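Values in this document were obtained by computation on a predicted structure and should not be read as measured data. The chains referred to below are lettered A, B, ... by the order of the sequence lines, with proteins before strands, and numbering in each begins at 1. We use all heavy atoms of the structure for the numbers below, so side chains are in, but hydrogens, waters and symmetry mates are not.
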Protein chains: 4
Amino acid sequence: MATNKYDEIAQAAITLFNRKGYHATSVQDIADEVGLQKGSLYHYINSKEELLLEIATKSINGFCRELEAVCEQASTAQEKLERAIYHHFDIVIGHLEMTTVLLREAFFLSDDQHKLIKDANDRYLNLWVQIIQEGIDTHEFRGEDPRLTALSILGSCNWVYRWYKADGKKSPQEIARYFCDLHLLGVLNR
Amino acid sequence: MATNKYDEIAQAAITLFNRKGYHATSVQDIADEVGLQKGSLYHYINSKEELLLEIATKSINGFCRELEAVCEQASTAQEKLERAIYHHFDIVIGHLEMTTVLLREAFFLSDDQHKLIKDANDRYLNLWVQIIQEGIDTHEFRGEDPRLTALSILGSCNWVYRWYKADGKKSPQEIARYFCDLHLLGVLNR
Amino acid sequence: MATNKYDEIAQAAITLFNRKGYHATSVQDIADEVGLQKGSLYHYINSKEELLLEIATKSINGFCRELEAVCEQASTAQEKLERAIYHHFDIVIGHLEMTTVLLREAFFLSDDQHKLIKDANDRYLNLWVQIIQEGIDTHEFRGEDPRLTALSILGSCNWVYRWYKADGKKSPQEIARYFCDLHLLGVLNR
Amino acid sequence: MATNKYDEIAQAAITLFNRKGYHATSVQDIADEVGLQKGSLYHYINSKEELLLEIATKSINGFCRELEAVCEQASTAQEKLERAIYHHFDIVIGHLEMTTVLLREAFFLSDDQHKLIKDANDRYLNLWVQIIQEGIDTHEFRGEDPRLTALSILGSCNWVYRWYKADGKKSPQEIARYFCDLHLLGVLNR
DNA sequence: CATGAATGAGTTTTCATTCAT
DNA sequence: AATGAATGAAAACTCATTCAT
């Protein structure tokens, strides 16, 4: 991993923000973690807040990118929804710390910066809404409020960051499958 | 509102923690909000953290109390689950600010105090798990992992605090009904 | 002991000043100790500092009074010095807490008030100096600097408040006798 | 005095603690004295209390070090005792402010830290006790309780910090000699 | 006599950020 | 690139004292 220094710093920040929260993590903590002096960090970052913004941005962009790929590749709405759920789980669990920072800490950005994340979150939500809407249009799915349906599924799948532990009985894939079943039963027309 | 001073302070804290987050809210902010000097607050509270703990405790206890009542009164598992969802929505939306403090800010308590909230959250989750388990036992519900089912539904219903706006097209009751339908379809045996 | 309230308060203050020091003892601590509210204390005292001043004054006055009595009653300088030492021990050990407040805490009075105590201390010292001087004049004692002699003996006897423990092997009287011997050998002409 | 910054801070603290006492000296006072901002002090110290601990530790260690050297070099108990008294005076008067901090302010350390100083003080006392004991064993000294003898002499010599003024008629050496005479007469066998 | 709410100045400490070296 | 000294504003909390009831 020939990571560069900035990535090292970002990773340290993710770990620490995840463990203690953004506010409780000092710039000194991050510096200690990467073995630099506090002042030296500022060669790589402009501010602690920008670091948080960049982490959150990278995280939400990852979610969007995956889902856009899914939408392009899958054919039916059902297939899209299934793969959307699987990919969401992949990221949440595969990048649990970063996802936690996105979902728990981005709120503490200043209004302007928080707006950027909120907008990106909305774009991501809209991708889900479009999938549901498409399913309703093709009569694959029931329901008449695709946004509410999307919020229900997405909330359920996001909440995972709050309870998932790697040492559980079920593998991430099994959990994803279980959730996928539940949600599809909720939306599929029969 | 001739409430007593402590309640006024707690309400101010809820409003501010909700608006800016626990860390970004200073004791001075709370004092300003209730029209006291900073030092005078300490006649009513022992510390800012204890104030947060008390708010979170009151909130989670409210959830538990309601659900226990539901479990005693309703007969079938389906009825319990439906009413659990409705009551959960009632509280989340009826006390949106306090719920937000519980779900977003309790994490920032120190370990000992956070533990108290986590334990109460687990008790609440277990009530849901028991309902699902009971439904599986009576063959009302499908599924073989009641905890995962509960986490899916609860996550979906908790997430509401992050997107609900009072000015939406649907009333809280309609949203609750919509979610209830989705989740029941996901779990009901047919 | 039909002590009045003020004496109760003074005694509580002595105990607490002795245990934690004047600065580390809050008015609240004293109020708690006597079972009053903080505000109620101020019916009996004018300020925390005045309370300290009164304790210290009472203490040093006690030392002076005893020594003046000794000087009037005893005949020879040797007898006076012996009884001065015994009486000093009587007070230091009999009122260990109050003496500790005098010797350790009076310094923390404001300049004006501290001056009052310093002056009283000087008067007490002068009584010792007079005894030594008298002994030198009558050739009972050796030495040519009665003030230094007095300071040596008094320092030795004052220091007792810092190490005396009631559970020691020797009784207060035995300690006094031991010290008396040492100091008399130091000053007596042979 | 191109001393380093920490020493400057410690010296400022010694001066201020000496003048006003530990509690009455604020971190701001110390910062003002060395021409730094309050916050900048914390590059050099961890806390005000640790600063006091370090001053007191350095002080008592100085006393111990000197006395250990004396014990190694001097031959007879009498010689040791004489030199112990001279060295004690050297330090008390040569470092009057630091000694004052040790003897008057160390009490205000928290229990754990105060214990460290008390233990060091006990070690110092024990060196005196050993000297006296040795003199008793060799029949140089009279007395049967070397600890009491040591406490008497040490108390007398410590008390000096409370009355010594540089503008007195006698030089420090003359005072030391005077005290030495007094105490030796008290303990020497004849 | 007693209360307890309220004050307001004070305390120690933290911390993101800057900058000369 | 890296340091580490310095800043200055802000934080939570304490406390002696006052006073209306």
Based on Watson-Crick and G-U pairs with both distances under 3.5 Å, what dot-bracket line describes DNA chain E 5' to 3', crossing pairs as [ ] and inter-strand pairs as |? .||||||||||||||||||||

Regarding A:Gln28 and A:Asp32, is there a side-chain donor-to-acceptor distance under 3.5 Å anywhere? yes

d(CD, C:Gln28; P, F:dC13) in whole Å: 18 Å

d(OH, D:Tyr42; C1', F:dA11) in whole Å: 13 Å

Side-chain N or O of A:Gln37 less than 4.0 angstrom from OP1 or OP2 on F:dA2? no

Whole angstroms only, please: what is the OH-C1' distance between B:Tyr6 and E:dA5? 17 Å

With nearest nucleotide decided by heavy atoms, which residue, B:Leu41 or D:Ile45, maps closer to the 5′ end of DNA chain E? B:Leu41

5' priority, DNA chain F, between B:Val27 and C:Tyr22 [closest heavy atom]: B:Val27

How many whole angstroms separate atom CG of A:Asp29 from atom C1' of E:dT14? 11 Å

Do any N or O atoms from the side chain of A:Arg19 and from the backbone of A:Thr25 form a donor-acceptor pair under 3.5 angstrom? no

Is the shortest heavy-atom distance from the side chain of A:Tyr44 to the side chain of A:Leu36 under 4.5 Å? yes

Tell me if the centroids of the rings in D:His23 and D:Phe108 come within less than 6.0 Å of each other. yes

So, is B:Tyr44 close to the E:dA6 phosphate, meaning a side-chain N or O under 4.0 Å from OP1 or OP2? yes

Using whole Å, report how far CD of A:Glu49 lies from P of E:dA16. 12 Å

NE2 (D:His95) with more than 12 external heavy atoms under 6.0 Å: no

Between D:Ile30 and the options D:Ile9, D:Ile45, D:Thr15, the side-chain contact (heavy atoms from CB on, under 4.5 Å) test singles out D:Ile9

Any ion pair linking D:Lys115 and D:Asp119 (charged N to carboxylate O, less than 4.0 Å)? yes

With respect to the side chain of C:His43, which nucleotide from E:dC1, E:dT12, E:dA16 is positioned closest? E:dC1

5' priority, DNA chain E, between B:Gly39 and D:Gly39 [closest heavy atom]: B:Gly39

Under 4.0 angstrom between B:Ser40 side-chain N/O and E:dA5 OP1 or OP2: no

Rounded to the Å, how far apart are D:Lys48 NZ and E:dG10 P? 15 Å

Round to the nearest Å and state the distance from D:Ile9 atom CD1 to E:dT12 atom C1'. 15 Å

Which residue, C:His23 or D:Leu36, contacts DNA chain F at a nucleotide closer to its 5' end, judged by nearest heavy atom? D:Leu36

Rounded to whole Å, please give me the gap between NZ in C:Lys38 and C1' in E:dC1. 19 Å

